[in-house]
2 protein chains.
Amino acid sequence: MKKRVPTIRDVAASAGVSVATVSKFMNGTQRFSAPVEARLKATIARLGYQSNPHARYMVTGETRTIGVAVLDIRNPHFTSLVKGANRIALQFDYTLLLVDLEENAAREYQLIEALARRVDGLLLNTRMADDATDRLAPLNKPIVMINRASDDSKVASVSPDNHRAGFMLAQHLLNQNYRDIGYLGYPQSRANTIRLEGVTDCLASAGLAPRVFEADSPTAAAGERACSSILFGPERPDALICYNDLIALGFLKEARNLGFSLPGDVAVCGFDNISHGEYAWPGLTTVDIRSERLGEIAMLRLVDALAGKPASESGPLEPRLIVRESTLGRPRGA
Amino acid sequence: MKKRVPTIRDVAASAGVSVATVSKFMNGTQRFSAPVEARLKATIARLGYQSNPHARYMVTGETRTIGVAVLDIRNPHFTSLVKGANRIALQFDYTLLLVDLEENAAREYQLIEALARRVDGLLLNTRMADDATDRLAPLNKPIVMINRASDDSKVASVSPDNHRAGFMLAQHLLNQNYRDIGYLGYPQSRANTIRLEGVTDCLASAGLAPRVFEADSPTAAAGERACSSILFGPERPDALICYNDLIALGFLKEARNLGFSLPGDVAVCGFDNISHGEYAWPGLTTVDIRSERLGEIAMLRLVDALAGKPASESGPLEPRLIVRESTLGRPRGA
DNA sequence: GTGAAAGCGCTAACAT
DNA sequence: ATGTTAGCGCTTTCAC
């Protein structure tokens, strides 16, 4: 015999009060006479009653749920984002409805749309083209986008300062006396463009320009694939800035396999400061874009929006350069 | 002017049919006359109508949502679990309600209880004591536990074959001629006991026994902390099996800092086959417990239970030994 | 093949 | 301070 979950009516009957009283008690909407309060407390505890969130939604219109869509939860940068978002959400009594899009552009919009029906607001990390964000408007829910170019004015978004992060990495390499600097990008990502601009702007101040290569996905496997053609190309760069740490790590590994010595033959660095980099060898120089904090900020923005507060326009999050062994070799001919 | 989301009544009115008809159409419960079907299709498309999942739940009792609680989403093993679970869930039209417990035992039960109210079933990864699982029964929802000892008969659970995995690692080290083998465990985890048993049983067949050390958390930081006292202890082991790859990676890094040469001075390996290990140096020998597949299987079990199907009792998932450089050094005196 | 109506568990407006 | 009641959007008998 399955025992039925107690409803508000069970509690009301059992405590000898009306459902309205129980409802008000549960929500702390009102004060009660001592005897009623005592009976209510006892009955609720005895029955183990908890209000049904879905029924509650029916009348309040609030789900206390935030939809989170990420391209790939296994990318440590995205994992951290979710971690940070989860922390703030719990703090404000929200729960995360998570969808891993698996980098599947085809189902992307459909999944997000379905997600939107069940939540109060959305935290989105997609590769959706800018014009496609128009399609999100009819969802009629507060949305915060993550890792989107900040000049995208239509929807709220939080991103690291990608330009500055790129600039930092390039400056560091210049300081280390590297001159022939390559950039291994991932053109599908919006952040890629800005990171490259940061690199380019910095190098320009020294009268240099980066040689640009492309990876076909933001993964270590893509870094491995790109490696040989870069290292055995006509003019091998001194140093390589990769679109993210995963690509850098893959490149690093493959370069070692190919018999190159790192960072002696080529220095390598990336973006994101994923934990892999700390335990790799040589340790990976990177720039910490503070993913977890980014997730917290994004969720904070959403919570504010949901509470009807104005968006506190804080600037992009300051990145931090993390120098490790992968860029500390003496460049050729220096 | 905010435009209201269309309800089933809007569609009914606009198409000149009853709400019952629209409902049946949406659910494919019935066939319709051509004209009605055409009108319905057109109206639904025009209004962009989609049924409200919460209202639907009110009558069906189904949320089409699975609650997933993990100890720490940033632990790559758990991330993979979620990835696999998400894949199967989407396939069966479920969505994941995710809660990261942040290894916080205090709020654990409370969070899970709240989660249970909103979902059809639960996928749980907790350190809750076995007797505490009794507290989950009143939740009255199908539950699949992850990474729990298989002898725990009360609740369904899926786990890797931890004993075999431990055995494999120990056997590999014996094959490599290591004799003085240590085990750096994390006693708070149930899997830890079984992994150690696997190691112990294997070594026993060679007349040996592992020396056991303890880490205070399942993280790289804990591996770093444990390192010096093990390596500078009275009798330094030849080889060290760590409770998981994170601990192993931390140990590896710190050992290098302390001036040891790996695997020459000490071989190191772990469990989980997290991607870090492939890009570390020396590459980390590990045993792949197939986390992502584990997540898939767990979710499959849950989906079956929800569909009223009997649990197909498949045995534990076969682990796979992944040998890399961290255990390929020549042992001392061999 | 289609419609009318009851009711899921809850909150909020209003009455007392 | 407490109770009555009308829905929220939907599915599901049960008529027709």
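For clarity, every value in this text was computed on a predicted model and none was experimentally measured.
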Q) Is a side-chain donor-acceptor pair under 3.5 Å present for B:Ser80 with B:Arg293? A) no
Q. How about B:Leu306 and B:Tyr94: do any of their side-chain heavy atoms sit closer than 4.5 Å?
A. yes
Q. Is the closest side-chain donor-acceptor distance between B:Tyr57 and B:Asn52 under 3.5 Å?
A. no
Q) What does the inter-axis angle of the helix from C:dG1-D:dC16 to C:dT16-D:dA1 come out as, five pairs per end, nearest 10 degrees? A) 40°
**Q.** Beyond-backbone contact of B:Leu97 with B:Val68, side-chain heavy atoms, under 4.5 angstrom
**A.** no
(Q) Side chains of A:Ser14 and A:Arg46: any donor to acceptor distance under 3.5 Å? (A) yes
Q: Just call it for B:Ser23: base, sugar-phosphate, or nothing, with non-hydrogen atoms closer than 4.0 Å on any strand.
A: base
Q.
Heavy atoms within less than 4.0 Å of DNA chain C: which residues of residues 9-19 of chain A have one? Give them sorted by number.
A. A:Arg9
Q) Where the side chain of A:Arg31 is defined as all heavy atoms beyond and including C-beta, which of D:dC10, C:dG9, D:dA1 is the nearest nucleotide? A) D:dA1
(Q) Side chains of A:Arg190 and A:Asn162: any donor to acceptor distance under 3.5 Å? (A) no
Q.
We want to know whether B:Ser159 and B:Asn147 form a side-chain donor-acceptor pair, criterion being a heavy-atom distance below 3.5 angstrom.
A. no
Q) Could you give the NZ-to-C1' distance, from A:Lys24 to D:dA1, as a whole number of Å? A) 8 Å
**Q.** C:dA12 phosphate, OP1 or OP2, under 4.0 Å from A:Thr60 side-chain N/O
**A.** no
Q.
Among C:dG9, D:dC10, C:dG3, which nucleotide has an atom closest to any side-chain atom of A:Val59?
A. C:dG9
Q | Touch class at under 4.0 angstrom, heavy-atom based, for A:Tyr49 against every strand present | A | sugar-phosphate
Q. Looking at the side chain of B:Gln30, which of C:dT2, D:dG9, C:dG9 is the nearest nucleotide?
A. C:dT2
(Q) For the backbone of A:Asp100 and the side chain of B:Asn86, can you confirm whether one donor and one acceptor N or O come within less than 3.5 Å of each other? (A) yes
